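Just so you know, these numbers use all the heavy atoms, side chains as well, and skip hydrogens, waters and symmetry mates. By convention in this document, chain letters (A, B, ...) are assigned in the order of the sequence lines, proteins followed by strands, and residues within each chain are numbered from 1. Here the structure is a predicted model, which means the values were calculated and not measured.
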Protein chains: 2
Amino acid sequence: MTPTIHDVARRADCSIKTVSRVINAQPHVRPALRERVEAAIAATGYAPNLNAQRLVKKRTGALCVLTSTSEYYLAPDVLASAIDLARSSDYDLLLHIDNDQPSSRKQLASLIAGRRLDGLIITPPCDTNPFLTELLNHHPLPHVFIDPFNRDNASPYVATDDLVGARDLTTHLLDIGHRRIAFLKGNPNLRASVDRLTGYTQALAQRGIPFDPKLAANAMGTFEGGYNAVRLYLSGGTRPTAFFCVNDHAALGVLFALQEMNVRVPRDISVCGFGNHPLGARVFPGLTTVHQPVQEMITAALRLLLSILGGGQPASPTLLPSALVLRGSSGSAPGA
Amino acid sequence: MTPTIHDVARRADCSIKTVSRVINAQPHVRPALRERVEAAIAATGYAPNLNAQRLVKKRTGALCVLTSTSEYYLAPDVLASAIDLARSSDYDLLLHIDNDQPSSRKQLASLIAGRRLDGLIITPPCDTNPFLTELLNHHPLPHVFIDPFNRDNASPYVATDDLVGARDLTTHLLDIGHRRIAFLKGNPNLRASVDRLTGYTQALAQRGIPFDPKLAANAMGTFEGGYNAVRLYLSGGTRPTAFFCVNDHAALGVLFALQEMNVRVPRDISVCGFGNHPLGARVFPGLTTVHQPVQEMITAALRLLLSILGGGQPASPTLLPSALVLRGSSGSAPGA
DNA sequence: TTATCTTATGACAACGTTGTCAAAATTGTT
DNA sequence: AACAATTTTGACAACGTTGTCATAAGATAA
């Protein structure tokens with residue numbers, strides 16, 4: 001039988017309450033007794049029963065990261081630090097993949113309406129899922145957004161400065177002689193997509209280069225989208241000298257298509273992505289991109305959530321900086 | 001205040017036990033009363049308190065996938081089906097990234113010795129982590145291995161038939177004319193690494209081609225390992241006509257190095273990986289590889305674990321088939 | 001020493017479920 | 001109609017903690 005607090009108390013010849021005090025590092029236990037209890041804990045191999053604690057403390061002890069399969073690269077190593085952080089605050093970190101399918105909805109409802117969570121971290125594009133909004137309306141739950149579409153929202157959030165990142169990268173391309181830079185747009189329901197496009201146009205405007213709508217095509221932010229966009233572009237008349245893609249997935253599609261068509265990158269055409277997905281460092285040539293601190297965003301969001309749960313004040317939104325990552329896929333414009 | 005079973009009972013004018021019966025779909029409730037209770041549940045928005053249930057049922061309600069950051073591609077979409085499956089059996093699926101660092105160890109100990117889990121799924125190379133073994137020795141916990149190093153182990157496991165996969169791919173390379181096929185080895189503590197090498201040598205043997213130890217170099221199963229191995233090989237005398245890498249990570253490193261050195265793939269040298277990591281479909285040329293059904297392995301392992309927890313018999317080990325995935329990175333041997 | 005204040009300790013009732021078992025209600029049998 | 005057999009229902013004690021509050025034990029002051 002696994003030992004309970006009673007076994008420890010009996011062994012240390014004291015009350016269960018005293019053991020409880022020792023476990024929870026509470027004051028009002030004399031050193032001698034404290035030691036006796038600690039010895040008893042060690043001897044019995046006692047560990048407090050989580051469910052009993054949670055029951056009386058009225059906490060579920062679970063937080064959840066709500067994510068869609070598509071947008072972020074949430075591989076375990078990215079999550080590791082968040083899992084770590086959560087556990088050190090005595091929370092389990094769950095993961096829910098919200099694909100808006102019936103089964104996913106049902107489970108989401110069971111999580112939220114079933115009061116199985118203490119808090120929620122919502123990554124895009126889940127923040128624009130009306131089913132979720134509805135659910136949260138009826139069943140209030142502390143939550144934090146990552147990169148939400150609507151920043152005027154009352155809920156706290158963490159985001160990257162996509163606009164500046166995109167502007168900087170575009171400016172860099174202009175600096176190395178590019179004048180015809182195509183922008184491959186993404187999902188317009190994502191804050192990041194919109195901001196990146198804005199950053200692109202702002203950079204052009206700063207150099208007095210008119211925005212040419214023909215240079216802004218839709219790639220849906222997917223590999224296939226990027227791939228198809230290139231096929232379309234290169235069959236047309238004037239080529240761009242660079243493709244700036246709303247994210248790395250699209251950029252990899254572009255790269256693939258160009259290499260397939262024997263277009264030399266970056267000699268003939270430069271390719272840039274956004275996000276600094278690990279894949280970008282594995283393809284040849286390495287993908288020039290903008291680093292988006294996904295891991296930092298998640299841990300920042302979790303920290304925010306924990307501070308809310310801890311009764312802290314509703315911390316102010318955080319904007320994390322992005323940073324250029326220059327690799328082989330970009331270079332001077334042909335003839336520049 | 002969130003409603004409890006008492007609120008429902010009061011409203012339905014019956015005992016809490018009856019409500020409990022209805023919740024748990026147990027017999028011995030007359031239809032009329034059952035309906036009244038259901039109405040009361042709907043009216044109050046009642047959902048049972050998980051911790052109370054788990055406390056009395058003596059379950060933690062948590063399973064954990066133990067993974068190392070390196071070996072498998074456990075992105076959320078791969079985990080999605082397992083998370084789904086777990087939740088439909090009323091378990092939370094946790095994730096622990098075991099990097100054998102002090103902090104990771106501490107948390108692993110807290111999970112296992114603290115009896116915070118009902119079961120464990122262990123992915124390689126965690127199965128060879130002595131700290132874990134020790135921990136499980138002292139604190140027995142139902143667990144299932146994925147691709148364990150030692151298959152004679154008493155614990156049930158799920159694995160892929162790496163040997164056959166590697167043999168098939170090697171045979172394919174032989175079929176299209178390759179004779180000097182380099183094999184880039186991986187972590188010798190991984191069952192998969194060993195089996196893949198064996199598959200390679202078996203295929204050679206079947207065709208009467210002697211195994212040349214010079215053609216078997218160590219790439220550690222990493223991108224950098226593959227990259228460095230190529231640099232080493234190509235500076236030497238006779239080139240291989242194909243590189244068969246223990247996994248896709250190494251293969252991507254090989255591909256990168258070759259492209260950097262202007263070696264044409266597959267015209268000059270073919271490159272193959274193992275695992276069918278999503279990256280392999282995103283690079284140009286697409287990576288020829290062997291599909292390893294990671295998602296199926298995880299769900300199979302979970303199903304096994306659930307059946308054990310459900311008191312089923314210790315189901316027999318499962319070997320899932322692998323399958324060739326031929327893409328652009330492999331082709332006929334030069335001059336063949 | 002005695003009165004007073006502070007600090008330690010423990011009894012006992014929560015927390016919200018499910019399991020056990022006895023009692024009540026219903027059904028079937030003669 | 002009376003009795004037995006069955007089904008339905010509920011009272012109450014678990015489960016293993018923490019919080020409340022009363023009391024016991026020390027420390028301090030006179």
query = Any luck finding a side-chain donor-acceptor pair between B:Ser193 and B:Asn187 under 3.5 Å?
reply = no
ask   = How about B:Ser104 and B:His96: does a side-chain donor come under 3.5 Å of a side-chain acceptor?
value = yes
query = Does the ring of B:Phe131 carry B:Arg105 above it, NZ/CZ under 6.0 angstrom from centre and within 45° of its axis?
reply = yes
key: Flag, side chain of A:Asn51 to backbone of B:Asn51, donor-acceptor distance under 3.5 Å   = no
ask   = Are side-chain heavy atoms of A:Thr133 and A:Asn129 found at a separation under 4.5 Å?
value = no
Mind listing the N/O atom pairs, protein and nucleotides 16-22 of chain D, below 3.5 Å?
from: D:dG16; atom 1: OP1; to: B:Lys58; atom 2: NZ; distance (Å): 3.3
from: D:dT17; atom 1: OP1; to: A:Tyr46; atom 2: OH; distance (Å): 3.0
from: D:dT17; atom 1: OP1; to: A:Asn49; atom 2: N; distance (Å): 3.1
from: D:dT17; atom 1: OP2; to: A:Ile5; atom 2: N; distance (Å): 2.8
from: D:dT17; atom 1: O5'; to: A:Tyr46; atom 2: OH; distance (Å): 3.1
from: D:dT18; atom 1: OP1; to: A:Asn24; atom 2: OD1; distance (Å): 3.1
from: D:dT18; atom 1: OP1; to: A:Asn24; atom 2: ND2; distance (Å): 3.1
from: D:dT18; atom 1: OP1; to: A:Gln53; atom 2: NE2; distance (Å): 3.1
from: D:dT18; atom 1: OP2; to: A:Ser20; atom 2: OG; distance (Å): 2.6
from: D:dG19; atom 1: N7; to: A:Lys17; atom 2: NZ; distance (Å): 2.9

query = Any cation-pi pair here, A:Arg59 with A:Tyr91, using under 6.0 Å and within 45°?
reply = yes
ask   = Does the side chain of A:Thr18 get closer than 4.0 angstrom to OP1 or OP2 of C:dG10 through an N or O atom?
value = yes
note = Within residues 30-44 of chain A, the residues having a heavy atom closer than 4.0 Å to DNA chain C are A:Arg30, A:Leu33
ask   = For residues B:Asp84 and A:Ser103, is any side-chain donor paired with an opposing acceptor at under 3.5 Å?
value = yes
ask   = Residues two or more places apart in sequence or in another chain: which of them pass side-chain contact (heavy atoms from CB on, under 4.5 Å) with A:Arg30?
value = none
